[in-house]
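Everything below concerns the one structure shown next.
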Amino acid sequence: MKILYSKTLDGICIQRCFGLDGTVQIPDSLAGEPVTRLAAYLFSGSMARALRDRGGFEEPLFLWDSGETPDFPRDSRPVSREEADTELCDGLPAVCGGALRELCLPNGLKAVGAYAFYGCEDLKKLECASATTDWGAGAFTGCTGLERLSVSLLPGRKSCLKEILSELRQALRVDLCDPAGELTARLVFPEFYEESVENTPARIIMREVHGCGHMYRYCFDGGDFDFREYDRLFPYVQAQEPEEFVSGLALCRLCFPAGLGPEAQEEYRAYIREHPAAAARAAMAERDTTMTARLAEEAREREQLLAMIGEAERAGNAAALALFMDRLHRRFKNERAVRRRFEL
């Protein structure tokens, strides 16, 4: 990967990334200086047009190469404004638009330019630190495919999670991590959308909100996430979302119980016991053996485990099937098998 960048008063500003891989990890520092900013339209396919409108690059530019070879050591070299190209660099295309799949931002990043991810409809996963609090206008416009967000929470720093969630209306799985990168909480946010409805006799336009996802976006106490408010909304998601989605939300809270109170815990446990088949599908969709094992341990009745086993068989998931069958054997090994009688 090659990175076109400029220098600012507080560090490095990334202008463009080039490469053949849709997974991009921007380093914490370049040329001995911290990466603190992302330029406007950085990963957008519209960057060339935006630059033409403002007359091209204005600041001195440099090029960094992540690969170290005898002819090109891992270092930077200056690039003239005339030489700088937003579409191609040394035979490598720009990673922009639909080419971007996963992105990891540096921990010291302070600001993201306007429309930085404009039109990145295939971006699936984003990792960043909570200290990135300056998000430009429309940064996530067109990022309809974003499914997973991982945020490292830095103590004593304002979190950007609230600002990011307000920009994204689709269903999201959010991982909250400590400064060392260890997962502390996994949250599922439902989707929502707004619709403008015309009231013709009154000649006004009314806005209607569909889905409970907008309520989940307000689970904050100042800048801190409020787990109690998040858990309080569980009845709403039960009423408006499919069983598999609700089961996945409940399992995530049980497996990563940061801020989880005893009443909410029992409510989540009761739901997955009432919907064992949907819970099994949700656990297998996560491809997380820890979550599947927790689900198996939650089962209290033979019928619950048989429903889970049936889902694992239909999905062809041998690992989940082994966990569910082992739980069935350990839990009911001392009970006599029910003798079935068949009559013609």
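Scope of the values below: all heavy atoms of this structure, side chains included, with no hydrogens, waters or symmetry mates. Remember, it's a predicted structure, so these values are computed and weren't measured experimentally.
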Is it the case that the side chain of [X] and the backbone of [Y] share a donor-acceptor pair, with hydrogens and angles ignored and the cut-off at 3.5 Å?
X: T36; Y: K110; result: no
X: R16; Y: T86; result: yes
X: E311; Y: R281; result: no
X: R217; Y: L168; result: yes
X: D28; Y: N107; result: yes
X: T292; Y: A320; result: no
X: T8; Y: G11; result: yes
X: S130; Y: L154; result: yes
X: R169; Y: E167; result: no
X: R327; Y: A296; result: yes

Under a single-linkage definition using a 4.5 Å side-chain heavy-atom cutoff for Ile, Leu, Val, Met, Phe, Trp and Tyr, are [X] and [Y] assigned to the same hydrophobic cluster?
X: L233; Y: F220; answer: yes
X: F189; Y: V151; answer: yes
X: V174; Y: F234; answer: yes
X: F62; Y: I12; answer: yes

I'd like to check the side chain to side chain contact (heavy atoms under 4.5 Å, CB included) partners of R228; sequence neighbours left out, ordered by chain and number.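 Scan of R228 (side chain to side chain contact (heavy atoms under 4.5 Å, CB included), adjacent residues dropped) gives D226.
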Can you list everything that forms a side chain to side chain contact (heavy atoms under 4.5 Å, CB included) with R287? Sequence neighbours excluded, please.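 So R287 forms no side chain to side chain contact (heavy atoms under 4.5 Å, CB included) with any residue.
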Give a yes or no on whether a salt bridge exists between R77 and D65, defined as a side-chain N under 4.0 angstrom from a carboxylate O.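 No salt bridge links R77 with D65.
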Check this for me: does any side-chain nitrogen of one of R232 and E229 sit under 4.0 Å from a carboxylate oxygen of the other? yes
[X] atom [atom1], neighbour heavy-atom count above 12 within 6.0 Å:
X: E263; atom1: CD; value: no
X: Q25; atom1: CD; value: no
X: M325; atom1: CE; value: no

How many angstroms lie between [atom1] in [X] and [atom2] in [Y], if you round to the nearest 0.5 Å?
X: C13; Y: L109; atom1: SG; atom2: CG; answer: 9.5 Å
X: H210; Y: Q240; atom1: NE2; atom2: CD; answer: 10.5 Å
X: Q304; Y: E298; atom1: CD; atom2: CD; answer: 9.5 Å
X: L123; Y: L100; atom1: CG; atom2: CG; answer: 5.0 Å

In terms of the angle between their ring planes, are H214 and Y218 parallel, tilted or perpendicular, with boundaries placed at 30° and 60°? perpendicular
Hey, can you pull the donor-acceptor pairs under 3.5 Å for the side chains in residues 245-259, sequence neighbours left out?
from: S247; atom 1: OG; to: E243; atom 2: O; distance (Å): 2.8
from: R253; atom 1: NE; to: D231; atom 2: OD1; distance (Å): 3.0
from: R253; atom 1: NH1; to: F256; atom 2: O; distance (Å): 3.4
from: R253; atom 1: NH1; to: A258; atom 2: O; distance (Å): 3.1
from: R253; atom 1: NH2; to: D231; atom 2: OD2; distance (Å): 3.1
from: R253; atom 1: NH2; to: A258; atom 2: O; distance (Å): 3.0

Ring pair (Phe, Tyr, Trp, His ring centres under 6.0 Å), paired with Y216, selected from F225, Y236, F227, Y230: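 Only one of F225, Y236, F227, Y230 forms a ring pair (Phe, Tyr, Trp, His ring centres under 6.0 Å) with Y216, namely Y230.
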Could you walk me through whether E297 and R294 pass the salt bridge (charged side-chain N to carboxylate O under 4.0 Å, His left out) check? CA-CA 5 Å; E297 292 298 324; R294 176 59 188 267; over 6 Å; no
